There are 2 protein chains.
Amino acid sequence: MKKTTPFVLAALLAAAALPAAAQFQKAEDAIEYRQGALFMLGQHFGRIGAMANGRAPFDAKAATDNAEVVASLSKLPWAAFGEGTEKGHNTKAKPEVWKEQDKFKAAATKMQEEVAKLNTAARTGSLDQLKAAFGSTAQSCKACHDDFRAK
Amino acid sequence: MKKTTPFVLAALLAAAALPAAAQFQKAEDAIEYRQGALFMLGQHFGRIGAMANGRAPFDAKAATDNAEVVASLSKLPWAAFGEGTEKGHNTKAKPEVWKEQDKFKAAATKMQEEVAKLNTAARTGSLDQLKAAFGSTAQSCKACHDDFRAK
């Protein structure tokens, strides 16, 4: 019992953490969904990055609009990392997503917190604040990719 | 002049209609983006459909949550149908998307109007209202797919 209990607990935690997994009819759908969400996220975040890094002219309205879309999208991918979606559809998700659920969840939460700050920064209309918040948010993306996404 | 003017006008209209096309660095990115958005839209809309069609138990909160995501996502695909994104990345978009811009725009607008009504219906907590709004929204999806998406 001592040996199995942590596994049972982990399974229960995983089920609690990812209740929406069952919302996808096929594992492939879940993978395509999370890939779509993260790709879109990257596109909108990249537009903010272009402004933050001086590759595009700063446009406060565009920054705010993109930050809002980033905030909406940032909530969506996680439910699609349910059990049984470890393989297929060219997923780059590492096994650590499922082996280290707590760490993965924490990384996802951290990103959403940074995204909330990015939204606040975008609304100030200050390029300096946008740059700072963009940097912190980008670090939260990178940290999760380093640990949980194959190259 | 008489022959070229409509074309120039059409080009101007197209540019006005799709100003965000330039936001994508590559045509492939735009296509992947719109495919992701429409796939995600289909997933969330499908969950409402499952309730509307009795394949899943009615859950007013889930209906509202999904309708909200549908509303957010429904705004996103259109900017990714810019000029130069007619081919590649296994797009199923028909040439009519670009040849009949006004009709395509009208179809996209119609869908967003139906989605807004779907949101209102979901918030009432009435399954009957949800069913009716789901049906109208689904028709707006189908109409656009029939005309603008290859089988």
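Here the structure is a predicted model, which means the values were calculated and not measured. Because only heavy atoms are used, hydrogens play no part in the values below, and waters and symmetry mates are left out as well, while side chains stay in.
Using modelled atom types, one side-chain atom of A:Thr137 and one backbone atom of A:Ala133 make a donor-acceptor pair closer than 3.5 Å. Between the B:Trp78 side chain and the B:Ser74 main chain, a donor and an acceptor come within less than 3.5 Å of each other.
Using modelled atom types, one finds a donor on one side chain and an acceptor on the other under 3.5 Å when comparing A:His44 with B:Tyr33.
Below 4.5 Å, heavy atoms of chain B meet heavy atoms from A:Gly36, A:Ala37, A:Phe39, A:Met40, A:Gln43, all part of residues 35-43 of chain A.
For residues 107-116 of chain B, the side chain to side chain donor-acceptor pair (under 3.5 Å) pairs, not counting sequence neighbours, are B:Lys110-B:Glu114.
Figure legend: B:Arg34 and B:Phe24 shown without cation-pi pairing, the cationic atom not lying both under 6.0 angstrom from the six-membered ring centre and within 45 degrees of its axis.
At a threshold of 4.0 Å, the pair A:Arg123-A:Glu68 counts as salt-bridged, since one of the basic side-chain nitrogens sits closer than that to a carboxylate oxygen.
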